[in-house]
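What's counted below: heavy atoms across the whole structure, side chains too, no hydrogens, waters or symmetry copies. Here is how names work: the chains are called A, B, and so on, in the same order as the sequence lines, proteins then strands, and each is numbered from 1.
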Protein chains: 2
Amino acid sequence: MSTKRAKLEQREKRIVAAARTVFLKHGFNKAKMSQIADVAALAEGTLYLYYKNKNAIVKAVVVDHWRQITDEAQDALSKTKDSFAQLQALADYHLTMMVKHWRVIELGYVLYYSRSDDAGENAGVDFKRTYAALFDRIIERGQDKGHFTNELSLPFLRDLFYGTLEYAARTLVLHNKPEDIDTNVVQLMAVLRPHLSENAPTDTGDDKAMLKRLERAVRKLERLH
Amino acid sequence: MSTKRAKLEQREKRIVAAARTVFLKHGFNKAKMSQIADVAALAEGTLYLYYKNKNAIVKAVVVDHWRQITDEAQDALSKTKDSFAQLQALADYHLTMMVKHWRVIELGYVLYYSRSDDAGENAGVDFKRTYAALFDRIIERGQDKGHFTNELSLPFLRDLFYGTLEYAARTLVLHNKPEDIDTNVVQLMAVLRPHLSENAPTDTGDDKAMLKRLERAVRKLERLH
DNA sequence: TCATCATAATGAGTTTAACTCATATATACA
DNA sequence: TGTATATATGAGTTAAACTCATTATGATGA
């Protein structure tokens with residue numbers, strides 16, 4: 001009974017692994033279902049017993065990747081208790097991973113634009129959700145412990161963090177400069193530090209202090225929607 | 001003679017316009033060449049006299065969009081001489097544009113992942129190049145005038161700027177909150193300021209500008225009640 | 001004005017590859 | 001071991017991108 005289910009899950013994994021191989025080698029469009037079937041040592045029709053269509057298979061590959069990545073990242077974070085250090089570790093891990101697995105990241109783009117394709121069903125492009133939550137947790141814990149301010153909104157910080165790193169990764173891959181990963185991480189952390197550490201010298205001017213309070217108030221208001 | 005060429009260019013524009021309409025309506029996959037031909041009032045085969053394949057057509061649509069956008073952005077920037085204000089204007093323009101034309105931005109993803117598709121030819125995904133250069137120019141001019149430090153590298157700053165804004169745009173579109181554009185711009189500028197302004201004596205001026213933005217944001221919020 | 005040629009447009013026909021489904025095989029259970 | 005259910009197969013169908021032989025257009029010059 002459970003061996004049957006196990007066997008099916010095994011097959012499913014084989015398909016995803018085969019698909020990953022073929023997709024990474026040829027890219028989405030040039031990858032053929034027949035190739036995937038060959039690599040998985042299955043008939044083409046069998047693929048459709050496990051996945052509705054080609055799109056569903058890329059999705060499985062991408063989702064699987066982000067799941068693995070989430071586990072690994074968690075390990076990387078567990079090495080320190082300091083919130084800021086954790087943030088840095090996450091940035092480092094994330095950028096390194098993206099540069100290394102850039103082809104998979106690009107595969108993810110397929111899911112973005114084909115969202116509206118097969119009317120419904122495929123909706124919700126939330127691979128990454130739990131991964132992105134790692135960042136949120138670090139920020140929130142840092143704030144709870146009083147180490148981080150909440151001067152900047154969490155959604156904004158998240159977009160800044162992941163957006164910057166994705167663009168940086170593309171730049172690094174494009175120019176083939178994996179050795180610049182560190183520089184980018186250092187710069188990102190330098191940018192974030194003054195907006196996170198509580199005891200930052202809040203300048204001097206009354207204007208600035210006031211502005212900051214205003215911003216905080218506005219954000220609170222906005223969050224009510 | 002020139003009227004002949006003019007006519008051909010006219011036709012080319014008609015194709016791009018038709019393609020834009022169809023792609024935006026149905027997305028890349030569900031958009032059919034036959035539909036584009038219909039809308040452009042041409043035979044299907046004629047499309048292939050102007051563009052090598054479907055991919056080349058999306059590319060034309062996307063490239064065309066970024067060209068228009070570049071012109072518009074330049075206008076938006078010309079309203080001020082102050083480098084920091086220009087940066088803010090660009091951020092504002094860019095985010096507003098992305099939220100408004102998000103479907104076109106998504107179409108661009110097609111080019112990213114299908115890069116390696118038709119071996120060569122389609123290489124170089126440099127729509128955006130000249131657009132991105134607007135940012136570079138502002139930064140460089142600011143540094144020349146001694147207003148900006150070069151504490152952070154230009155490539156990093158560029159990735160931070162555009163990466164953050166693209167992720168922010170996606171968040172705004174996903175949650176359907178176009179009214180949060182200002183908040184995001186304000187926060188981005190707050191993050192950039194200390195790393196750009198040389199000794200940051202900019203106080204009064206910048207703060208006033210920011211106050212204005214905040215007031216606008218508050219007014220918008222108030223209108224929602 | 002018409003004849004000739006070059007350039008452009010057409011759409012029926014070809015090709016490719018995703019997807020289906022009738023048939024075959026394996027597996028569980030009595 | 002026999003039967004029923006679940007799973008696998010791959011030849012066949014279909015849809016849509018792309019081709020190409022044919023037709024139309026329009027410029028040029030006698």
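With ring centers used as reference points, A/Tyr131 lies under 6.0 Å from A/His94.
Applying the 4.0 Å criterion to OP1 and OP2 of C/dA9, one finds that B/Tyr48 has every side-chain N and O outside that range. Taking side-chain N and O atoms only, B/Arg11 has no distance below 4.0 Å to OP1 or OP2 of C/dA8.
When the C1' atom of D/dA15 is taken as reference, atom NZ of B/Lys30 falls 14 Å away, rounded to whole Å. Between the C1' atom of D/dT25 and the CG atom of B/Leu49 lies a distance of 14 Å, rounded to the nearest Å. In this structure, the CD atom of B/Glu44 is 20 Å from the P atom of D/dT22, given to the nearest Å. Here D/dA17 presents its C1' atom at 11 Å from CG of B/Asn55, a figure rounded to the nearest Å. Note: CD1 (B/Ile36) to C1' (D/dC18) measures 13 Å, nearest angstrom. The distance from atom CG of A/Leu42 to atom C1' of C/dT25 is 14 Å, rounded to the nearest whole Å. Rounded to whole angstrom, the span from the CD atom of B/Gln35 across to the P atom of D/dA15 amounts to 15 Å. The distance from atom CG of B/Asn29 to atom P of C/dA18 is 12 Å, rounded to the nearest whole Å.
Nucleic acid contact class of B/Ala41 (heavy atoms, under 4.0 Å, all strands): none. Among the protein residues, B/Leu47 comes within range of no part of the nucleic acid, since none of its heavy atoms lies under 4.0 Å from any strand. Across all strands shown, A/Ala37 has no heavy atoms under 4.0 Å from either base or sugar-phosphate atoms. Residue contacts for B/Tyr51: at a heavy-atom cut-off of 4.0 Å it reaches no nucleic acid atom on any strand shown.
Look at B/Lys177 and B/Asp180 and you find no salt bridge, because none of the NZ, NE, NH1 or NH2 atoms lies under 4.0 Å from a carboxylate O. Under 4.0 Å is where a charged nitrogen must lie from a carboxylate oxygen, and between A/Arg67 and A/Asp64 at least one such pair does.
Here the nucleotide nearest the side chain of B/Ala43, chosen from D/dC18, D/dT9, C/dG11, is C/dG11. Comparing C/dT10, C/dA18, D/dA8 by their nearest atom to the side chain of A/Tyr50 picks out D/dA8.
Going from atom OH of A/Tyr50 over to atom CD of A/Glu9 covers 10.5 Å, rounded to the nearest 0.5 Å.
In this structure, A/Lys54 forms a cation-pi arrangement with A/Phe28, its terminal cationic atom sitting closer than 6.0 Å to the ring centre and no more than 45° off the ring axis.
Mapped onto DNA chain C by nearest heavy atom, A/Ser34 and B/Thr46 fall at different nucleotides, with B/Thr46 at the one closer to the 5' end.
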